[in-house]
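Read the structure below first, then the notes.
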Amino acid sequence: MGRWALDVAFVWKAALTLGLVLLYYCFSIGITFYNKWLTKSFHFPLFMTMLHLAVIFLFSALSRALVQCSSHRARVVLSWTDYLRRVAPTALATALDVGLSNWSFLYITVSLYTMTKSSAVLFILIFSLIFKLEELRAALVLVVLLIAGGLFMFTYKSTQFNVEGFALVLGASFIGGIRWTLTQMLLQKADLGLQNPIDTMFHLQPLMFLGLFPLFAIFEGLHLSTSEKIFRFQDTGLLLRVLGSLLLGGILAFGLGFSEFLLVSRTSSLTLSIAGIFKEVCTLLLAAHLLGDQISLLNWLGFALCLSGISLHVALKALHSRGDGGPRPLKGLGSSADLELLLQSSHQEEEDAEEEYFVTQGQR
C-alpha cells in the first residue's frame with residue numbers, strides 16, 4: 001500500500017511538472033512568434049507593448065479582487081513614497097527590456113532574437129561580478145567566454161543579420177541584466193509585501209507604461225496618430241481585428257509572467273532552467289521550420305556553444321546550492337491560500353534557491 005501511494009505521488013508530481021512546463025512553453029514560445037507575426041502588419045511595437053501592459057494591469061487587478069473576495073484579506077497597496085522610490089527603478093528597467101525586445105521584431109528574425117536574448121545571462125553574470133554578488137572564478141570566466149563566443153558565431157556572416165535589430169535586442173539583454181537584479185532586490189524586501197506575483201505585476205505595470213510612453217511619443221506617436229489602423233480608421237472591422245490581436249498579445253504576456261512563477265514555485269528553479277534551455281532549442285527549430293529562418297552550420301555550432309555556457313552556469317548554481325547544505329526555501333511566493341485560488345491545487349510549495357530563479361529569467 002505504501003509503495004503504491006509513493007508511485008501515485010511520483011506520477012502525479014511528474015504529470016504536474018510536465019503540465020506546468022508545457023504551459024510555460026505555450027505562453028513563452030507563443031508570444032515570441034505571435035509578436036513577430038503581429039509586427040509584420042502592425043508596425044508600432046511600442047504601442048503594442050503599452051497596450052499589453054494595460055491588459056496585464058487589468059488582469060492583475062481582477063485577480064487581486066477575486067483573491068481578496070475569496071480570502072477576505074486585503075491586498076497590499078504601497079504608499080506613494082515606496083512606490084516611486086523602490087518600485088520605479090525596477091519598472092523602468094523592465095519596460096525598456098520588454099519594449100526594446102518587441103521593437104527588435106521589426107528588423108530581425110525569431111532565431112536571431114532568441115539567440116541574442118539568451119545572452120542576458122552573460123550580462124547578469126557581469127553585473128554580479130561588478131557588484132560583488134559573485135566571486136570571480138575560472139568557471140564563471142569560462143561561462144562568459146562560452147556565451148560570448150557562441151553569440152559571435154551565431155551572428156557571424158548571418159545572411160539575415162540586421163544591425164539595428166541586433167542592437168535593440170542586445171540592448172534589451174543588457175537592460176535585462178539590470179532588470180532581474182532589481183527585481184530580485186524588490187521581491188526580497190519583505191516589508192513591501194510584493195512577494196505574490198499578482199501584486200508585483202499590479203504595481204509594476206502603471207510605472208512601466210509611463211516609463212515607455214516617452215519613447216512611444218517620440219518614435220511612434222505621430223505615425224500612429226495618422227495611421228488608418230487605429231485613430232484614422234475607415235474600416236470598423238479592421239479596427240476591431242487589430243484591437244483584438246493586441247488584446248490577445250496582452251493575455252499571452254500575462255500568462256507568460258504567471259506561468260514562469262507557477263513553474264518555479266511548484267517545482268524548482270532548476271526545472272525552469274532546464275526547461276528554458278530546451279525552450280530555446282524548440283524556438284529555433286520552429287523558426288527554421290515555420291518561418292524559414294536561415295541558420296547555417298556555424299550558427300548552430302554557435303548556438304550549441306552558447307547553450308553549453310548556460311548549462312554550465314545552471315550546473316554550477318545547482319552544485320553551489322548543494323554545497324551550502326541544500327536548497328533554501330523560495331521566499332516570496334505569497335500565501336498558500338492565494339496560490340490555491342489561482343491554481344486550484346493542493347500541492348505544497350517546493351523549496352529552492354531564490355537567486356537562481358532570477359538569474360534563470362534572463363533567458364526570456
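One is the number of the first residue; the rest follow in order along the sequence. Any value given below was found using the heavy atoms of this structure, including those in side chains, with hydrogens, waters and symmetry copies removed.
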When you measure from the side chain of [X] to the backbone of [Y], do you find a donor-acceptor pair of N or O atoms at a distance under 3.5 Å?
X: Lys36; Y: Phe105; answer: yes
X: Ser71; Y: Val67; answer: yes
X: Glu220; Y: Phe216; answer: no
X: Ser227; Y: His223; answer: no
X: Thr116; Y: Tyr113; answer: no
X: Gln234; Y: Glu228; answer: no

Starting from [Y], can I reach [X] by hopping between I/L/V/M/F/W/Y residues whose side chains sit under 4.5 Å apart?
X: Leu284; Y: Phe278; result: yes
X: Ile218; Y: Leu215; result: yes
X: Leu22; Y: Leu20; result: no
X: Leu286; Y: Trp300; result: yes
X: Leu207; Y: Leu58; result: no

Donor on one side chain, acceptor on other, Thr109 and Ser111, under 3.5 Å: yes
Side-chain H-bond candidate by donor/acceptor type, Ser296 with Asn299, under 3.5 Å: yes
Which heavy atom in [X] sits nearest to a heavy atom in [Y], and how many Å separate them?
X: Phe47; Y: Leu246; answer: CE2-CD1, 3.9 Å
X: Pro45; Y: Asn102; answer: CB-O, 3.6 Å
X: Val77; Y: His203; answer: CA-NE2, 3.8 Å
X: Val110; Y: Thr283; answer: CG1-CG2, 3.8 Å
X: Glu164; Y: Asn162; answer: N-OD1, 3.1 Å
X: Leu305; Y: Gly150; answer: CD2-N, 3.5 Å

Going by the angle between their ring planes, with limits at 30° and 60°, are [X] and [Y] parallel, tilted or perpendicular?
X: Tyr83; Y: Trp80; answer: perpendicular
X: Phe161; Y: Phe166; answer: tilted
X: Phe42; Y: Phe44; answer: perpendicular

Identified ring pair (Phe, Tyr, Trp, His ring centres under 6.0 Å) partner of Phe202 from the options Phe254, Phe57, Phe59, Phe258: Phe57
How long is the span from the [atom1] atom in [X] to the [atom2] atom in [Y], to the nearest 0.5 Å?
X: Ile230; Y: Leu243; atom1: CD1; atom2: CG; value: 5.0 Å
X: Leu285; Y: Leu290; atom1: CG; atom2: CG; value: 10.0 Å
X: Phe213; Y: Leu46; atom1: CZ; atom2: CG; value: 11.5 Å
X: Tyr25; Y: Leu18; atom1: OH; atom2: CG; value: 10.0 Å
X: Leu210; Y: Leu212; atom1: CG; atom2: CG; value: 10.0 Å
X: Cys282; Y: Ile29; atom1: SG; atom2: CD1; value: 5.0 Å

Qualifying residues under salt bridge (Lys or Arg N to Asp or Glu O under 4.0 Å), relative to Arg64, sequence neighbours excluded: Asp199
Does some side-chain heavy atom of [Y] sit less than 4.5 Å from a side-chain heavy atom of [X]?
X: Val141; Y: Arg137; answer: no
X: Leu204; Y: Val87; answer: yes
X: Val144; Y: Leu140; answer: no
X: Val242; Y: Phe233; answer: no
X: Leu240; Y: Thr236; answer: yes
X: Tyr107; Y: Val163; answer: no
X: Leu151; Y: Cys306; answer: no
X: Arg179; Y: Thr90; answer: no

Distance flag, aromatic centroids of Trp103 and Phe219, threshold under 6.0 Å: yes
Working for side chain to side chain donor-acceptor pair (under 3.5 Å), residues Ser173 and Lys117: CA-CA 6 Å; Ser173 298; Lys117 283 293 286 183; 4.8 Å; no
Steps toward side chain to side chain contact (heavy atoms under 4.5 Å, CB included) verdict (Phe33, Leu291): CA-CA 9 Å; Phe33 282 89; Leu291 303 180; 3.7 Å; yes
Residues forming a side-chain contact (heavy atoms from CB on, under 4.5 Å) with Leu62, sequence neighbours excluded: Leu66
Audit row: Phe27, Ile31, side chain to side chain contact (heavy atoms under 4.5 Å, CB included) steps and yes/no: CA-CA 6 Å; Phe27 282 117; Ile31 195 172; over 6 Å; no
